[in-house]
Every structure is written in structure tokens, then in C-alpha cells.
Trainee: 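Got a structure for you, written out below as C-alpha cells; questions coming shortly.
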Amino acid sequence: MRLAAALPGMVLAGLALATPGAVVSAWAADMIPEPLALMQGLDKISARVSQFEAPVGTSVRFGTLSVVVRDCQRSPPEEKPENAAFIEVYETRPGEDRTRLFSGWMFSSSPALSALEHPVYDVNLLECRPASGSPAPAAAPAPAPAPASPPASPPPAKSRGKTER
């Protein structure tokens with residue numbers, strides 16, 4: 001009996017797993033590509049938090065780390081706010097080869113979902129935005145006003161609790 005109740009959920013989960021490309025492509029189709037990522041870095045030793053901009057395709061230094069944003073996208077204004085960026089993080093120490101520490105998608109709404117694991121630094125995506133100096137994106141057109149209708153008479157007042165007599 002319990003299996004029959006759980007079956008619809010299992011079927012839906014199986015469909016989602018069977019077609020992950022369709023789910024990702026539907027999500028990505030609504031996203032707006034932006035040329036600049038606003039990142040936040042934390043130096044755990046000094047407890048200093050810094051914000052820095054990382055243009056897509058350019059390496060940006062944060063401490064001993066090099067952060068490269070390969071893609072940065074944000075959701076449309078009418079959707080729930082979300083930013084996603086494909087990020088690669090490398091570390092360069094004196095006398096050593098460059099080491100890749102992270103490569104993957106970061107999401108501004110869920111920084112712990114795919115986080116950089118480093119003993120000294122944390123790096124998170126805050127938002128994807130247009131380049132400084134570029135025109136702001138056009139606002140979505142306002143919805144057409146509703147047709148005028150005669151004012152409705154207010155419903156009779158209802159009282160709660162004690163009433164005057």
C-alpha cells in the first residue's frame with residue numbers, strides 16, 4: 001500500500017533523472033547572459049571580506065587564487081532572482097605549478113551548493129551584471145491597464161466581537 005502512494009513521486013523523479021539535458025536547457029533558455037560577475041572573497045586568516053568584479057573570460061586575482069569566469073547568466077526580472085556562473089579557480093604558489101582547485105557552476109542563491117573548498121579563501125558569486133558604462137537593459141513593458149469597470153458596492157460590514165447596542 002505504501003509503495004502505491006510513493007509511486008507517482010518516484011516516476012516524476014525518474015523522468016527528471018532520465019532527461020537532465022531537457023531540464024537544464026529549459027532553465028538556460030530563460031537566462032540572460034551578462035559580461036560581468038560580481039564576486040565576493042573571504043580571507044579566513046584576516047577575516048577580510050572583499051568584493052571584486054570578474055569580466056567573463058578574464059583571470060582575476062584574489063590572494064593566491066586566480067578566478068576565471070567562463071559564463072555568467074541571470075534570470076529575467078519577472079522570474080525569481082537567480083545568478084549562475086561557470087567558474088574556474090586556480091592557485092599559484094611560489095615555486096609550484098598552477099593547480100586547479102574548482103571548476104563548475106556557482107549559484108548566487110545557493111552558495112553552499114557548489115563551493116570552493118580552500119583552507120584560506122572562500123569565493124562566492126553575488127550577481128551577474130552588465131558591464132560598467134553599458135546601457136541598462138530595457139525594462140519590460142508595463143502590462144496594459146485593466147478596462148474600467150463601475151465601482152462595486154462594498155460588502156456589508158461584518159463585526160467581530162462585541163457590538164454596540
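Hydrogens, waters and symmetry mates play no part in the numbers below; they use all other heavy atoms, side chains included.
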Trainee: Spell out, yes or no, whether L116 and V67 are grouped together once hydrophobic residues are joined by side-chain heavy atoms under 4.5 Å, including indirect joins.
Mentor: yes

Trainee: Go through Q51 and L126 one step at a time and tell me if the side chain to side chain contact (heavy atoms under 4.5 Å, CB included) criterion holds.
Mentor: CA-CA 9 Å; Q51 289 186 2; L126 295 179; 3.5 Å; yes

Trainee: Establish, for the pair R98 and Y90, whether the NZ or CZ atom is under 6.0 angstrom from the six-membered ring centre and no further than 45 degrees off its axis.
Mentor: yes

Trainee: Would you say the side-chain atoms of T99 and E91 include a donor-acceptor pair closer than 3.5 Å?
Mentor: no

Trainee: More than 12 heavy atoms of other residues, nucleotides or ligands under 6.0 Å from CD of E96: yes or no?
Mentor: yes

Trainee: Can you tell me how far the CD atom of E79 sits from the CD1 atom of I32, to the nearest 0.5 Å?
Mentor: 9.5 Å

Trainee: Donor-acceptor pair, S75 side chain versus E82 backbone, under 3.5 Å?
Mentor: yes

Trainee: Got a second to check how far L38's CG is from R129's CZ, nearest 0.5 Å?
Mentor: 4.5 Å

Trainee: Are V123 and I45 linked, directly or through intermediate hydrophobic residues, by side-chain heavy-atom contacts shorter than 4.5 Å (ILVMFWY only)?
Mentor: yes

Trainee: Looking only at side chains, do S66 and R61 share a donor and an acceptor under 3.5 Å apart?
Mentor: yes

Trainee: Do V120 and V89 land in one hydrophobic cluster if side-chain heavy atoms of ILVMFWY residues count as linked below 4.5 Å?
Mentor: yes

Trainee: Would you say L101 ends up clustered with L42 if hydrophobic residues are merged whenever their side chains have heavy atoms under 4.5 Å apart, either directly or through other cluster members?
Mentor: no

Trainee: The test is side chain to side chain contact (heavy atoms under 4.5 Å, CB included); show your working for W105 and I87 and say whether it passes.
Mentor: CA-CA 6 Å; W105 287 95; I87 298 173; over 6 Å; no

Trainee: Side chain to side chain contact (heavy atoms under 4.5 Å, CB included) between Q73 and N83: does it pass, once the steps are laid out?
Mentor: CA-CA 6 Å; Q73 301 180 11; N83 296 273; over 6 Å; no

Trainee: How far does OG of S109 sit from CG of L125, to the nearest 0.5 angstrom?
Mentor: 9.5 Å

Trainee: Any luck finding a side-chain donor-acceptor pair between S108 and E127 under 3.5 Å?
Mentor: no

Trainee: Would you mind reporting whether V60 and F52 have side-chain heavy atoms less than 4.5 Å apart?
Mentor: yes

Trainee: Nearest 0.5 Å, what's the CE-CZ distance between M31 and R74?
Mentor: 9.0 Å

Trainee: Kindly indicate, with the supporting measurements, whether the criterion side chain to side chain contact (heavy atoms under 4.5 Å, CB included) is fulfilled by K44 and D122.
Mentor: CA-CA 8 Å; K44 297 175 188 177; D122 276 344; 3.3 Å; yes

Trainee: Hey, could you give me the CD/CZ distance between E117 and F102, rounded to the nearest 0.5 Å?
Mentor: 9.5 Å

Trainee: Can you tell me how far CD of E88 sits from CG of L65, rounded to the nearest 0.5 angstrom?
Mentor: 13.5 Å

Trainee: Do the side chains of F62 and M39 join up, straight or via other hydrophobic residues, at under 4.5 Å, putting them in one cluster?
Mentor: yes

